[in-house]
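A quick write-up on the structure given underneath.
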Amino acid sequence: MEDAPERTPSSSESTQPPGLAREPEVASPGDSEGCARPLDTVPKKLCGYLSKFGGKGPIKGWKCRWFFYDERKCHLYYSRTAQDANPLDSIDLSSAVFDCKADAEEEGTFEIKTPSRVITLKAATKQAMLYWLQQLQMKRWEFHNSPPALPATPAAALAENGPTLHLKLEQEEAELEEFLCPVKTPTGLVGAAAALQPVPAMPSALQNISLKHLGTEIQNTMHNIRGNKQAQVAQATQVAGPLVEDSPQGGEPESGEQPSISDPSIPAEKEPEDPAKSAPRSSVPSGPTQKPKRQSNTFPFFSDGLARSRTAQEKVVALEQQVLMLTKELKSQKELVIILHKALEAAQQEKRASSAYLAAAEDRDRLELVRHKVRQIAELNQRVEALEQGRERLAHEAGLREQQVQALQQHVQLLMDKNQAKQQVICKLTQKLTEDLAQPADATNGDFLSQQERMEHLKDDMEAYRTQNRFLNSEIHQVTKIWRKVAEKEKALLTKCAYLQARNCQVESKYLAGLRRLQEAAGAEAGDFPELLQQLIQEALQWEAGEADSVGLSPVSEYDDYGFLTVPDYEMEDLKLLAKIQALEVRSHHLLALEAVERPLRDRWATLTELAPSAELKQLLRAGVPREHRPRVWRWLVHRRVRHLQAPGCYQELLARGRACEHPAARQIELDLNRTFPTNKHFTCPTSNFPDKLRRVLLAFSWQNPTIGYCQGLNRLAAIALLVLEDEESAFWCLVAIVETILPAEYYSKTLTASQADQRVLQDLLSEKLPRLTAHLGQHRVDLSLITFNWFLVVFADSLISDILLRVWDAFLYEGTKVVFRYALAIFKYNEEAILQLQDSLEIYQYLRFFTKTICDSRKLMSIAFNDMNPFPMKQLRQLRAAHRERLEAELSKLELLKVEYLQRRASRGRAPPPEGCVSEDEGEGDS
């Protein structure tokens, strides 16, 4: 370093603005190669002077401002000059949209619209305006598609991921070029070179001052004054350096420092101390270099780009982007590790809690463990509440974004209509001009020149509107893509919230199950423990929708969508606890399947506008019809079954016959109305009109089919049809379709022949599909027909919960009775292991009374019915039905013969006189 020559500042350095000179130089590996390249090869940053419209009162108008884009925050900062240390304010571009006015009074005017305000700016030329708009669009897109900036990763991985990171940005640039061609960079108006230009002059100095940010203005003014003084001192010191080299005392060069002027009167032996004394004075020029450390971090300077080549800058940008990608990947991997650690810790804690519970010697220790679980549940509820609030906030933000997009679409539509109208005017004027030119030249040269000038103006306007239209199309395209990204994030948050709600239901269900086991273990022990356990159970049963609504969860509502009680009101407390556990399990399965299964299923049903028999429709019906589509689908299924029976006004005629004359079955119908679905609010509420509708439907059917008239069980079938279809006539035809077209004949006759035959067919199929269960039930002499007969008679109306029941009916109305057999076998398969553990016939019968209500997972039951029970040919079912019906009819014939023989034998003997002293019932009444 001793041989390094002194560097004399060039003219460009001496005229460089102080704000740029204070920027510390950071050398890059490529600086040494590209330092000799011209200024044009250096990549330009997005900065420059623009006019901003603002102010109040007499100083309202255009103000010249220096604008600079910050890539880290996607903010556009602005100050009064390029040398100011602190910005006046910033514009958030992440949620902003841009608009240019082709018919503006002043050329180069455009707008930046954010959710909170509208900023009107003006560029020096039209080209500069288009350049700013196009660059702002690209910067906004890069911000939405770039990961957050984090510490750098090894350089070996950067070279591998560099091209993939640029792929999205290159695709976006290609898409924007379809709307608006890339605009050339205006020379001297944008970029770091614009800072070297003088500040555009304003009519008055006061007009350019921001009174709103007066404090920042004062700080910037004081900072510039100090910077100018330090720059003058630095220049004076640099000028003094060459003079010292020429003096006799300055013959020995110093290591990189400028020596001070020595005094000849100082002795020669003291000369070695001069460099040490000159060191403090030579440190003065370092002041401007250290000054940026005290500047605002939110407003970076931009002179470093002038000292670097374009090639080196591109390398740095590529490496930075690769660092961002790898940092994002590393962050995701760390988050995954954290999640796995948390899951492992939760599993270990649960294992330790279970071990402690099993190892507890006294009931007090177990109760303390239960209390600990209660506290954990409370903490989970608080976390779910916070996540729900976050979801609502995001939903509100998404709604605001949608409103903004709609407003922009309306604005664009207005602009397009206006543009179209102006284009029509231009076409008419052009056509008129062509006609005038085709006629003989009678007008004067002055008129011709004015028309030609007017035509040129119209052409310029047309070109301006075309440019505006292309830019607005690109803006709509980019805003739409950003809105879709926001919608995807919202969907992911909704999925996460549903998962957490499901987990909350599962934890509460486990808590209730634990209480039930404690209750069984406690038995009739004396002391305070059973009373405390009873209190915990009562509190758990009373936690209903009212308390859940306060946190926005409502895991278990009182009634489902069709009016059925989700937690039946049993008299026995043990059954109440089981019902609450079952309701929580149903809610948990529903939430877990909501995003993964239910939403795609709803989307497929929404696209299915016209219904036609097909394999796809069959699979969709087996999976279940969404509630909003179920009435339409059921009407179509019923119409396919009864279109040969339907006639206009048929239902009204049957009702008229019922009003004219009372049907013999009317009394039995009236008795069964009050016994129809006692757990459904539509049939138990005194003000509901469903009982009246059900009465009319059953009376109409009794006149429609005199052979059957009315049979117990038809009220439940009609009630299900009413709950789904809501229309009386549609429910009536649904009942007709089930009884007369889907189920076999004589299913509801007096002898119930077909119903009894189906019970024997079910027994054969059970022996074939579930031999272990059949052997177990046969060993304990359990007659399943006592349980399953009602299943077939009312198609599971009293057995399954409403969600699973209606899925069964969806497939039943399309495929027929084979679905009933499939689900009957699936129900036994679902609970096979639990039944095999019971070793007493009384326990088995008690379990079979309510075990269908414990089925919560509809997807698992459907998979068993339509996958595990295969093969299930309809031909086999018909053969079994025919064989068992023939045997059953033969048995009934034998019974009839025995009955006839008995009556004949009794008639041939005659009625024997009563023994002496015995008085008949009639005689006794007559005597009294």
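With respect to the salt-bridge test (charged N to carboxylate O, under 4.0 angstrom), the residues Arg602 and Glu628 qualify. With respect to Arg807 and Asp810, no salt bridge is recorded, no charged nitrogen being found less than 4.0 Å from a carboxylate O. A salt bridge is absent between Lys894 and Glu891: the closest approach of a Lys/Arg side-chain nitrogen to an acidic carboxylate oxygen does not fall below 4.0 angstrom. Using a cutoff of 4.0 Å between basic side-chain nitrogens and carboxylate oxygens, Arg760 and Asp764 are not scored as salt-bridged. For the pair Lys693 and Glu726, the salt-bridge criterion is not met [side-chain N within less than 4.0 Å of a carboxylate O].
Side chains of Leu617 and Leu608 form a contact here, defined as non-hydrogen atoms less than 4.5 Å apart. The closest side-chain heavy-atom distance from Phe796 to Ile804 is not below 4.5 Å. Between Gln876 and Glu768 the shortest side-chain heavy-atom distance falls below 4.5 Å. The shortest side-chain heavy-atom distance between Gln759 and Leu752 does not fall under the 4.5 Å cut-off. Within the 4.5 Å cutoff, no side-chain heavy atoms of Ser749 are placed close to those of Thr707. For the pair Phe828 and Lys769, the minimum side-chain heavy-atom distance is 4.5 Å or more. Within the 4.5 Å cutoff, side-chain heavy atoms of Arg352 are placed close to those of Gln348. Side-chain contact between Gln712 and Arg675 is present, with heavy atoms from C-beta onward closer than 4.5 Å.
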Step by step, work out the side chain to side chain contact (heavy atoms under 4.5 Å, CB included) result for Leu621 and Val633. CA-CA 9 Å; Leu621 288 170; Val633 175; 3.8 Å; yes

Give the C-alpha distance, both sets of side-chain angles, the deciding distance and a yes or no for side chain to side chain contact (heavy atoms under 4.5 Å, CB included) between Leu880 and Leu765. CA-CA 9 Å; Leu880 290 173; Leu765 293 174; 4.0 Å; yes

Run the side chain to side chain contact (heavy atoms under 4.5 Å, CB included) test on Leu825 and Leu762 for me, step by step, so that the C-alpha distance in whole Å, both residues' side-chain angles and the decisive distance to 0.1 Å come before the verdict. CA-CA 8 Å; Leu825 295 172; Leu762 176 64; 4.0 Å; yes

Verdict with supporting geometry, Val739 and Leu743, side chain to side chain contact (heavy atoms under 4.5 Å, CB included): CA-CA 6 Å; Val739 177; Leu743 295 175; 5.5 Å; no

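For Glu843, the CD atom sits in a packed shell: over 12 heavy atoms of surrounding residues, nucleotides or ligands are nearer than 6.0 Å. For Lys681, the NZ atom is densely surrounded, since the number of other residues' heavy atoms within 6.0 Å is greater than 12. Crowding of Arg667 atom CZ: a count of heavy atoms from other residues, nucleotides or ligands under 6.0 Å not exceeding 12. Within 6.0 Å of the CZ atom in Arg632, the count of heavy atoms belonging to other residues, nucleotides or ligands exceeds 12.
Using cut-offs of 30° and 60° on the angle between ring planes, the pair Phe690 and His682 is tilted. Between Tyr847 and Phe850, the two ring planes are perpendicular [angle over 60°; tilted spans 30° to 60°]. Ring-plane geometry between Phe732 and Phe701 is classed as perpendicular, the angle between the planes exceeding 60 degrees on a 0 to 90 degree scale with a lower cut at 30.
Remark: side-chain polar atoms of Trp634 are not paired, donor with acceptor, to backbone N or O of Ala731 under 3.5 angstrom. With hydrogens and angles disregarded, a donor-acceptor distance shorter than 3.5 Å links the side chain of Arg641 to the backbone of Tyr814. With Gln879 contributing its side chain and Met874 its backbone, the two residues share no donor-acceptor pair below 3.5 Å. Not one N or O on the side chain of Ser863 forms a donor-acceptor pair closer than 3.5 Å with the backbone of Lys860. Between the side chain of His663 and the backbone N or O of Ala665 there is at least one donor-acceptor pair closer than 3.5 Å. Counting only distance, with no hydrogens or angles, the side chain of Ser688 and the backbone of Cys685 share no donor-acceptor pair below 3.5 Å. Judged purely by atom type and a 3.5 angstrom limit, Thr676 uses its side chain to pair as donor or acceptor with the backbone of Asp672. Under a 3.5 Å cut-off, the side chain of Arg635 and the backbone N or O of Ser730 do not form any donor-acceptor pair. Arg822 contributes a side-chain N or O that, together with a main-chain N or O of Ala865, makes up a donor-acceptor pair within less than 3.5 Å.
In terms of heavy atoms, Gly816 sits closest to Ile742 at CA-CG2, 3.8 Å. Closest approach of Arg859 to Leu601, counting heavy atoms only: NH2-CD2, 4.0 Å. Nearest heavy-atom pair across Ile720 and Ala797 is CG1-CB, 4.3 Å. Residue Leu673 comes nearest to Pro691 through the heavy atom pair CD2-O, 4.0 Å, listed as atom of the first residue, atom of the second, then distance. Between His776 and Ile835, the shortest heavy-atom distance links the atoms NE2-O, 3.2 Å. Between Leu717 and Leu735, the closest heavy-atom pair is CB-CD1, 3.8 Å.
Evaluation of the side-chain contact (heavy atoms from CB on, under 4.5 Å) rule for Ala754 yields Pro744, Tyr747, Arg885 as partners, not counting sequence neighbours. Residues satisfying the ring pair (Phe, Tyr, Trp, His ring centres under 6.0 Å) test with Phe792, not counting sequence neighbours, are Phe821. Listed by chain and number, the residues in a ring pair (Phe, Tyr, Trp, His ring centres under 6.0 Å) with His884 amount to none (sequence neighbours excluded). In terms of the side-chain contact (heavy atoms from CB on, under 4.5 Å) criterion, residue partners of Asp868 (sequence neighbours excluded) are, by chain and number, Ile864. Applying the ring pair (Phe, Tyr, Trp, His ring centres under 6.0 Å) rule to Phe866 yields the partners Tyr823; only residues at least two apart in sequence or on another chain are considered.
Of the N and O atoms on the side chains of Tyr748 and Asn705, not one donor lies less than 3.5 Å from an acceptor on the other residue. Judged by distance alone, the side chains of Arg881 and Thr817 do bring a donor and an acceptor atom under 3.5 Å apart. Side-chain contact, Thr753 with Glu889: no donor N or O sits under 3.5 Å from an acceptor N or O.
The CD atom of Gln704 sits 13.5 Å away from the CG atom of Leu699 when rounded to the nearest 0.5 Å. Rounding to the nearest 0.5 Å places SG of Cys711 at 11.5 Å from CG of Leu698. Remark: Ser785 OG to Asn790 CG distance equals 12.0 Å, nearest 0.5 Å. Separating the CD1 atom in Ile801 from the CD1 atom in Ile855 is a distance of 8.5 Å, to the nearest 0.5 Å. The CG atom of Asp758 sits 13.0 Å away from the CD atom of Gln763 when rounded to the nearest 0.5 Å. Rounding to the nearest 0.5 angstrom, the gap separating the CG atom in Leu611 from the NE2 atom in His629 is 10.5 Å.
Checked against Leu777 for a side-chain contact (heavy atoms from CB on, under 4.5 Å), the options Asp783, Leu784, Leu836 give a single hit: Leu784.
Among pairs with a residue in residues 792-802, those fulfilling side-chain hydrogen bond (donor to acceptor under 3.5 Å, both in side chains) read Asp560-Ser802, Arg716-Asp798, Trp791-Ser799, at least two apart in sequence or across chains.
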